[in-house]
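Only one structure is covered here, and it is reproduced in the block below.
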Amino acid sequence: MTLKHEGIPAGMMRELTETGWNESFDKLANLIVTRGTRIVAERGKQEVIVTRIYDAPKNLLFKAHTDPGLIPQWWGPERFTTTIDKMEAKPGGQWRFVQRDKSGTYAFHGVYHEISPDRIVGTFEFEGMPGHVSLDSVTFEEIGGKTKLVEKTVFQSVEDRDGMMKEGMEEGVYASMDRLTDLVERLKVEKKAA
C-alpha cells in the first residue's frame with residue numbers, strides 16, 4: 001500500500017505527519033499479520049473458509065488443537081466455560097466438548113478422520129441440531145517462521161451453512177482465533193523459559 005500525501009510544509013509538521021502515518025501503518029500491519037482473521041462464506045456455497053496467520057510455529061498450533069488441556073483456553077467466546085468430555089485425537093477417535101454460560105449448556109461432538117502435524121480432518125455436530133453434520137479440515141502451513149491456519153467447514157447444505165452463520169458462527173470464530181493467538185503467545189513464552 002502506498003499513501004501519497006501532498007502539501008504538508010517542511011519542518012516539524014511534516015515530521016509529525018510522517019511519524020503518525022508510519023505508526024498507523026505499523027499498527028495496521030501488525031493487525032493483519034497477528035490479529036487478522038478472514039472468513040469467506042460465498043453466497044450459494046455450502047462452505048465457510050477461515051484463514052489466519054499466527055506468529056508461531058505450526059507445532060504450537062497443532063498442540064493447541066490436539067491437547068485436551070489447551071482446548072478450553074481458546075475454543076469459543078470467552079463468556080463460555082468449555083469442558084472436554086471426550087477427546088481421542090487420532091483417526092477414528094471421538095471428541096465431545098460441552099460449553100456453558102449463564103443462558104445454558106451446549107454440546108458439540110464429532111469423529112476425527114485424519115490427524116497429522118499438517119492437517120486435522122473430522123466431523124462437527126451441534127447436539128442442539130442433531131443430524132446437521134459438517135466436515136471440518138484445519139491445515140497448518142509454516143511460512144517464514146509464522147503459520148498460516150486455514151479451516152474449511154463444509155456443510156450438508158447451503159441452508160445449514162446459512163443457519164450456522166445466523167446463529168453466531170462468526171462471533172465464535174473471531175473469538176476463538178483471537179483467544180488462540182493469546183494462547184500460542186503464552187506457549188511461546190513458556191517454551192523459551194523452559
Side-chain angles (χ1 to χ4, degrees), residues 31-32 34-42 45-56 60-90 93-113 115 120-140 147 149-190:
L31 284 171
I32 291 169
T34 62
R35 291 283 191 196
T37 298
R38 181 173 182 230
I39 299 175
V40 176
E42 293 182 43
K45 291 195 176 183
Q46 60 196 75
E47 65 187 24
V48 174
I49 300 171
V50 176
T51 307
R52 180 132 175 185
I53 296 175
Y54 291 88
D55 188 11
L60 291 184
L61 288 152
F62 178 76
K63 180 179 180 178
H65 278 77
T66 57
D67 183 330
L70 297 177
I71 297 284
Q73 297 179 47
W74 68 269
W75 206 76
E78 199 167 344
R79 72 177 179 274
F80 291 101
T81 301
T82 301
T83 304
I84 307 304
D85 180 48
K86 182 187 302 185
M87 187 173 177
E88 305 163 325
K90 62 182 182 180
Q94 297 181 14
W95 65 271
R96 184 172 187 266
F97 304 163
V98 179
Q99 291 188 315
R100 291 176 179 82
D101 71 358
K102 61 184 176 184
S103 300
T105 300
Y106 313 92
F108 308 84
H109 69 268
V111 176
Y112 292 106
H113 293 280
I115 299 271
I120 299 171
V121 179
T123 58
F124 176 95
E125 184 174 2
F126 170 46
E127 293 180 5
M129 293 181 63
H132 297 270
V133 180
S134 62
L135 183 65
D136 288 352
S137 65
V138 180
T139 58
F140 310 99
T147 301
L149 180 149
V150 178
E151 181 174 348
K152 182 177 182 180
T153 302
V154 181
F155 295 86
Q156 291 174 313
S157 67
V158 173
E159 294 76 24
D160 278 4
R161 193 279 311 263
D162 290 347
M164 284 293 283
M165 295 297 285
K166 287 178 186 170
E167 290 299 318
M169 180 181 182
E170 284 182 86
E171 176 201 3
V173 167
Y174 286 125
S176 292
M177 297 297 107
D178 286 347
R179 294 179 71 203
L180 182 56
T181 297
D182 296 339
L183 173 62
V184 294
E185 287 301 316
R186 287 193 311 269
L187 292 174
K188 282 173 31 180
V189 169
E190 290 171 10

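Just so it is clear, the structure is predicted and the values come from calculations on it, not from any experiment. In this chain, numbering begins with 1 at the start of the sequence shown.
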Decide yes or no for Tyr54 and Leu61: does some side-chain heavy atom of the first lie under 4.5 Å from some side-chain heavy atom of the second? yes
Paired with His109, the side chain to side chain donor-acceptor pair (under 3.5 Å) test is passed by just one of Gln94, Glu127, Arg96, namely Glu127
Are any of the side-chain heavy atoms of Leu180 and Arg52 separated by less than 4.5 Å? no
At what distance, to the nearest 0.5 angstrom, does CG of Leu60 lie from CD of Glu185? 9.5 Å
I want to check something: taking the side chain as every heavy atom from C-beta on, are His65 and Leu149 in contact at a cut-off of under 4.5 Å? yes
Of all the heavy-atom pairs spanning Ala64 and Leu183, show the shortest one and how long it is. CB-CD2, 3.9 Å
Identify the heavy atoms of Arg179 and Pro72 that sit nearest to each other, and give their distance. NH2-O, 3.6 Å
If you compare all heavy atoms of Ser176 against all heavy atoms of Gly76, which two are closest, and at what distance to 0.1 Å? OG-N, 2.7 Å
Does the side chain of Asp136 reach to within under 4.5 Å of the side chain of Glu151, using non-hydrogen atoms? yes
Looking only at atom types and distance, does a side-chain atom of Thr123 sit under 3.5 Å from a main-chain N or O of Ser134, one as donor and one as acceptor? no
Below 30° counts as parallel, above 60° as perpendicular, anything between as tilted: where do the rings of Phe126 and Tyr106 land? tilted
Search all heavy atoms of Val121 against all heavy atoms of Ser137 and return the closest pair with its distance. CG2-CB, 3.9 Å
Under the criterion side chain to side chain contact (heavy atoms under 4.5 Å, CB included), which of His132, Glu47, Met165, Met164 is the partner of Phe155? Met164
Determine whether a donor-acceptor pair (N or O, by modelled atom type, separation under 3.5 Å) exists between the side chain of Arg79 and the backbone of Lys102. no
Mutual orientation of the aromatic rings belonging to Phe97 and Trp75 [parallel < 30°, tilted 30-60°, perpendicular > 60°]: perpendicular
Does the side chain of Thr147 come within less than 4.5 Å of Val184's, by heavy atoms? no
Arg161 side-chain N/O to Val154 backbone N/O, donor-acceptor pair under 3.5 Å: no
Just checking Lys188: does its NZ atom have more than 12 heavy atoms from other residues, nucleotides or ligands closer to it than 6.0 angstrom? yes
In short, Phe62 meets Ile115 closest at the heavy-atom pair CZ-CG2, 3.8 Å
Surrounding CD of Glu167 (heavy atoms of other residues, nucleotides or ligands, distance under 6.0 Å), is the total greater than 12? no
Quick one about Gln99 and Thr82 (side-chain donor to acceptor, distance below 3.5 Å, no hydrogens or angles considered), yes or no? yes
Look at the side chain of Arg100 and the backbone N and O of Thr105, then say whether any donor-acceptor pair between them is shorter than 3.5 Å. no
Whether over 12 other heavy atoms sit under 6.0 Å from Arg186 CZ: yes
Identify the heavy atoms of Asp67 and Gly69 that sit nearest to each other, and give their distance. OD1-N, 2.7 Å
If I take atom CD from residue Gln46 and atom CG from residue Asp162, how far apart are they, to the nearest 0.5 angstrom? 10.5 Å
Roughly how far, to the nearest 0.5 Å, is the CG atom of Leu187 from the CD atom of Gln73? 7.5 Å
Can you find a pair of side-chain heavy atoms, one from Tyr112 and one from Ile120, that are under 4.5 Å apart? yes
Counting neighbours of CD on Glu88 that are heavy atoms of other residues, nucleotides or ligands and sit closer than 6.0 Å, is the number greater than 12? yes
